[in-house]
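Structure provided below as C-alpha cells; questions to follow.
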Amino acid sequence: MPLSIATWNINSVRLRLPLVESFLRTYAPDILCLQEIKCPEEFFPYQAFHDAGYAHVAISGQKGYHGVATISRLPIELVERRDFCAKGDCRHLSVTFEAGGLKILLHNFYVPAGGDEPDPEINWKFKHKLDFVQEMRGVIAEAGEANGSILVGDLNIAPLEHDVWSHKQLLKVVSHTPVETESFEAMRKAGGWVDLIRQAIPEPEKIYTWWSYRAADWAASDRGRRLDHVWSSANVAGKLAAIDILRDARGWDRPSDHVPVIARFDV
DNA sequence: ATGGTAGGACGCCTA
C-alpha cells in the first residue's frame with residue numbers, strides 16, 4: 001500500500017491555517033508533521049484538521065515559540081515528547097502508527113536555529129544547537145518493538161555542499177559551518193539513519209527547502225538551503241518511492257519560509 | 001559590509 005508523510009515548518013499554524021488546509025486538500029498526505037506551530041495545545045485548531053480528514057493529532061506546543069504537531073488520517077499513538085537539553089522547549093514528539101502490516105515509529109523534530117554567531121563560547125544559542133545535535137545521538141533508527149523508524153523535521157542544518165546556494169560563502173554562516181555539518185552527519189550515521197532526500201536526489205543536484213524572508217526576490221536570487229529532512233531506518237528506506245519538495249509553496253500568498261517535503265513509500 | 005522580513009507575548013525576542 002502507498003504511504004505518504006509530509007514535513008513542513010509552518011511558522012505559526014494559526015496564521016497559516018488556510019494554507020495548510022489548501023495543502024491537505026491538494027496533496028492529502030497520510031501524515032503531516034508540522035514545526036514552529038507557535039501555540040500551546042489549547043489554541044491548536046483541532047477542529048479544522050478534523051474536518052479536513054485528520055482526526056488524529058499529537059502536539060507538543062508552547063506559547064509564542066517553537067512547537068511541533070503530528071496530524072494524521074491514520075490512528076497514531078503518542079510515544080514521547082522529549083525535552084532535549086532540559087530547557088522545557090517543545091521541539092520533539094514521537095508517535096507510532098501501522099501501515100502495510102508494519103508498526104512504524106515516527107519522530108518529529110525542530111532543532112534550534114542557533115543564532116547568528118557560530119561560536120559556542122560567546123553564543124549560548126549556538127552551544128544549545130550543538131548540544132542538541134549531540135543529544136540526538138540517543139535517537140537511533142533501530143526501533144525497538146516497532147518494525148522501522150522515520151525521522152522528519154526542521155533540523156536547521158544543511159549538511160552537504162549542494163544543500164546550500166554557495167558552499168564557500170556559507171562556511172561561516174550558522175546552518176552550514178563545519179562543526180555543525182560534521183557533527184550532524186556523524187550523528188545521522190551513528191544512529192543508522194538514511195537521508196531519504198539524498199537517496200532520491202543525490203548530489204551534486206542542488207536541493208533547498210528554505211528561502212529567507214529577507215530576500216527582495218527569493219525566486220530570482222534563489223539563495224536557499226536544505227534545512228528540512230526526512231530520514232529512516234534502512235528497511236524503510238528500501239520502500240521509498242519518491243520525494244516531492246514543493247518549491248512552489250514558497251511563492252504562495254503569505255508563505256512560510258520553509259516548503260513542504262513529502263516522502264512516498266510502498267509498504 | 002550591512003541590512004534586509006516575519007511572527008507573536010505589542011516590546012523586543014526569535015528565526
Would you kindly check if the NZ (Lys) or CZ (Arg) of A:Arg225 is within the cone defined by 45 degrees around the ring axis of A:Tyr208 and under 6.0 Å from the six-membered ring centre?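 Output no; distance or angle outside limits.
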Would you measure the distance from the C1' atom in B:dA6 across to the matching atom in B:dA1 and give it in whole Å?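 Here B:dA6 and B:dA1 have their C1' atoms 23 Å from each other.
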Any idea how A:His92 and A:Phe84 line up, ring-wise: parallel (<30°), tilted (30 to 60°), or perpendicular (>60°)?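 Taking A:Phe84 first and then A:His92, their aromatic rings stand perpendicular (interplane angle over 60°).
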Take the protein atom CD of A:Gln62 and the nucleotide atom P of B:dG8, then report the distance between them rounded to whole Å.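 From A:Gln62 CD to B:dG8 P: 14 Å.
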Check whether the side chains of A:Glu180 and A:Ser175 place a donor and an acceptor atom closer than 3.5 Å, and report yes or no.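 Their side chains do not contain a donor-acceptor pair, so the 3.5 Å distance test is not met.
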List the steps and the verdict of salt bridge (charged side-chain N to carboxylate O under 4.0 Å, His left out) for A:Glu41 and A:Arg81. CA-CA 13 Å; A:Glu41 275 189 65; A:Arg81 294 182 253 217; 3.1 Å; yes
Do A:Arg188 and A:Phe184 form a cation-pi contact, if we require the NZ or CZ to be under 6.0 Å from the six-membered ring centre and within 45 degrees of the ring's axis?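 Checked: cation-pi criterion not met.
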A:Arg254 side chain N/O closer than 4.0 Å to the phosphate oxygens (OP1, OP2) of B:dG7?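 So the side chain of A:Arg254 is within the cut-off, an N or O lying under 4.0 Å from OP1 or OP2 of B:dG7.
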Distance, rounded to the nearest Å, where A:Leu15 contributes CG and B:dT5 contributes P: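 Taking atom P of B:dT5 as the reference, CG of A:Leu15 is at 17 Å.
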Pick out which of A:Arg247, A:Lys206, A:Arg250 makes a salt bridge (Lys or Arg N to Asp or Glu O under 4.0 Å) with A:Asp222.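 The single option meeting the salt bridge (Lys or Arg N to Asp or Glu O under 4.0 Å) with A:Asp222 is A:Arg247.
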Between the protein and nucleotides 13-15 of chain B, list every N/O to N/O distance that falls short of 3.5 Å.
{"unit_1": "B:dT14", "atom_1": "OP2", "unit_2": "A:Lys125", "atom_2": "NZ", "d": "3.3"}
{"unit_1": "B:dA15", "atom_1": "OP1", "unit_2": "A:Arg91", "atom_2": "NH2", "d": "3.4"}
{"unit_1": "B:dA15", "atom_1": "N6", "unit_2": "A:Arg214", "atom_2": "NH2", "d": "2.5"}
{"unit_1": "B:dA15", "atom_1": "N1", "unit_2": "A:Arg214", "atom_2": "NH2", "d": "2.9"}

Length of the line joining A:Arg14:CZ and B:dG8:P, which is rounded to integer Å: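 Checked: the CZ to P distance equals 6 Å.
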By the 4.0 Å heavy-atom rule, please label A:Arg223 as base, sugar-phosphate, or nothing.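 Since no nucleic acid heavy atom lies under 4.0 Å of A:Arg223, the category is nothing.
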In whole Å, measure the gap between the C1' atoms of B:dG7 and B:dT2 for me.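 After rounding to an integer number of Å, I get 23 Å for this pair.
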Over how many whole Å does the gap from A:Ile10 atom CD1 to B:dG7 atom P extend?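 My rounded result for the distance is 11 Å.
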Return the value, rounded to whole Å, for the distance between atom NZ of A:Lys63 and atom P of B:dG7.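 Rounded to whole Å, this separation is 19 Å.
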